[in-house]
Amino acid sequence: MGLSAVRLAVILGTNEIASAVAVYLHRAGYCVVLSHDPNPPVMRRRMAFHDALFTDFARVENVIGERIEGSVDVFNALRAPRHVLVTWLGLLDLLPVREIDVLVDARMQKRDITPDLRGLTRLSIGLGPGFSPSANCDVAIETRPAQSGQIMRQGWTATADSAPALLGDVGAERFVYSPYEGRWHTPVEIGTRIYKGFVVGHLSGAPLTAPYDGILRGIVRDGSDVPAGVKLLEVDPRGRDAQWTGIDRRGRGIAQATLTAVQQHRAAGVAPAPLHAADSKP
């Protein structure tokens, strides 16, 4: 297959949502590159390609993540893309490789200023708060639980409300947040059964304990430097129904919506009628 026949997709972020989108686009025939962003730190690592950055084996469902070092590796992969590519390279490093067909900002950052992605690619898609097709992307997709996966071609996505979706009737209390900036250390692996009060790690030497009984669904990688106020770990309280690998329902819905937006753009050549609209930024 020639280089011109392979479509290139760049996804900003290596978290579980970025990785779910990568799986769907990879299966659709795209050469997919995940570009890491350090903030916020990735927690649900068994549901993401993030650990490939550290040369660990990373697989989401049946798709493997492969670390690449330089832009020439992307160029070579375009000849016969086999895996999802994961890199420390930023967008400015990737732009000279070749025209990007799809650019997805999946960093899920709660930031006041969102970069304008338009004009950098044939199609730009923003996931989550801070995106509007009239301001900084071609298509925006909702990620808040109640509206997750809704495709927007006008208006603004909903602002972040810091209210996690319920998991087994448990909300924010299943998470542990960093009380201050520091170096995080933990010997506990994702998928381990833990109990409330169990010491799961130390932040700059201070112990942090599990907030709930259940399965460790996510935890920030050992040795990470973390800012204050970010999620360090998550406990899944659902017992036999706990999930800590693969793509969960929310990730699947967002990934499917992203793929649908891409397919509609390619098939129609112009944006079809919006599936969801808002008149003004909330």
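When reading the values below, keep in mind they use all heavy atoms of this one structure, side chains included, and skip hydrogens, waters and symmetry mates.
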Inset, instruction - Check step by step if side-chain contact (heavy atoms from CB on, under 4.5 Å) holds for D73 and L85. - result: CA-CA 9 Å; D73 295 321; L85 309 179; over 6 Å; no

Inset, instruction - Give the intermediate values and the outcome of side-chain contact (heavy atoms from CB on, under 4.5 Å) for residues L91 and L103. - result: CA-CA 9 Å; L91 180 58; L103 174 62; 4.0 Å; yes

Inset, instruction - Could you walk me through whether V102 and T258 pass the side-chain contact (heavy atoms from CB on, under 4.5 Å) test, one step at a time? - result: CA-CA 10 Å; V102 178; T258 303; 5.8 Å; no

Inset, instruction - Evaluate the side-chain contact (heavy atoms from CB on, under 4.5 Å) criterion for residues L94 and S35: first the C-alpha distance (whole Å), next the side-chain angles of each, then the deciding distance (0.1 Å), finally the verdict. - result: CA-CA 9 Å; L94 296 170; S35 172; 4.2 Å; yes

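For the pair E173 (side chain) and Y212 (backbone), a donor-acceptor distance under 3.5 Å is absent. No donor-acceptor pair closer than 3.5 Å links the side chain of T157 to the backbone N or O of E142. Proximity of a side-chain donor or acceptor of S224 to a complementary backbone N or O of V226 within less than 3.5 Å is not detected. Using modelled atom types, one side-chain atom of S178 and one backbone atom of G229 make a donor-acceptor pair closer than 3.5 Å. The closest donor-acceptor contact from the side chain of R217 to the backbone of Q243 lies under 3.5 Å. Not a single donor-acceptor pair under 3.5 Å links the side chain of D101 to the backbone N or O of A9. Within the 3.5 Å criterion, the main-chain N or O of R183 finds a donor-acceptor partner in the side chain of S204. Checking side-chain atoms of R45 against main-chain N and O of G218 turns up no donor-acceptor pair under 3.5 Å. Under the 3.5 Å distance criterion, the side-chain polar atoms of N136 are matched with a main-chain donor or acceptor of G130. With hydrogens and angles ignored, the 3.5 Å screen pairs a side-chain donor or acceptor of R250 with a backbone N or O of T143.
Under the rule for a side-chain hydrogen bond (donor to acceptor under 3.5 Å, both in side chains), the partners of R174 that lie at least two apart in sequence or sit in another chain are E234.
Annotation: side chain of D37 is not in contact with side chain of L12 (no heavy-atom distance under 4.5 Å). Side-chain atoms of R153 and Q264, non-hydrogen and from C-beta on, do get closer than 4.5 Å to each other. Inter-residue side-chain proximity for I64 and F57 is flagged as met; some heavy-atom pair is nearer than 4.5 Å. The side-chain heavy atoms of V23 and F49, taken from C-beta on, include a pair separated by under 4.5 Å. No side-chain heavy atom of T87 sits under 4.5 Å from any side-chain heavy atom of D93. V32 places none of its side-chain heavy atoms less than 4.5 Å from the side chain of P81. At least one side-chain heavy atom of I125 sits less than 4.5 Å from a side-chain heavy atom of V262. The shortest distance between side-chain heavy atoms of V220 and V230 does not fall below 4.5 Å.
Ring-plane geometry between H50 and H36 is classed as tilted, the angle between the planes lying from 30 to 60 degrees on a 0 to 90 degree scale.
With 3.5 Å as the limit, one finds a donor-acceptor pair spanning the side chains of Q256 and T260. A donor-acceptor contact closer than 3.5 angstrom links the side chains of S124 and D138.
In this structure, V84 and H26 approach most closely via the heavy-atom pair CG2-CB, 4.0 Å. Closest approach of A18 to N15, counting heavy atoms only: N-OD1, 2.8 Å. The nearest pair of heavy atoms linking D236 to A242 is OD2-CA, 3.3 Å. Of all heavy-atom pairs spanning A48 and A58, the tightest one is O-CB, 4.4 Å. Pairing each heavy atom of I247 with each of Y24, the nearest pair is CD1-CE1, 4.2 Å. Closest non-hydrogen pair, A261 versus I151, comes out as N-CD1, 4.2 Å.
Grouping the Ile, Leu, Val, Met, Phe, Trp and Tyr side chains by contacts below 4.5 angstrom, directly or via other members, places L34 with L25. Residues V97 and L92 share a single hydrophobic cluster, defined by chaining ILVMFWY side chains whose heavy atoms lie under 4.5 Å apart. The cluster map of Ile, Leu, Val, Met, Phe, Trp and Tyr, joined by side-chain heavy atoms under 4.5 Å apart, puts W244 and L233 in the same cluster.
Atom CG of residue L208 and atom CD1 of residue I219 lie 9.5 Å apart, to the nearest 0.5 angstrom. Atom-to-atom distance recorded for R221:CZ and I190:CD1 is 10.0 Å, nearest 0.5 angstrom. Atom CD1 of I68 is separated from atom CG of L53 by 10.0 Å, given to the nearest 0.5 angstrom. Rounding to the nearest 0.5 Å gives a distance of 12.0 Å between SG of C31 and CZ of R79. Separation of atoms CG (L203) and CG (D225) is listed at 10.0 Å; rounding is to 0.5 Å. Note that CZ of R122 is 9.5 Å distant from CG of L8, once rounded to the nearest 0.5 Å.
Around the CZ atom of R27, the shell of radius 6.0 Å holds more than 12 heavy atoms that belong to other residues, nucleotides or ligands. Within 6.0 Å of atom CZ in R59, 12 or fewer heavy atoms from other residues, nucleotides or ligands are found, so the atom counts as exposed in its surroundings. Atom CD of E189 sits in a sparse spot, with 12 or fewer heavy atoms from other residues, nucleotides or ligands closer than 6.0 Å.
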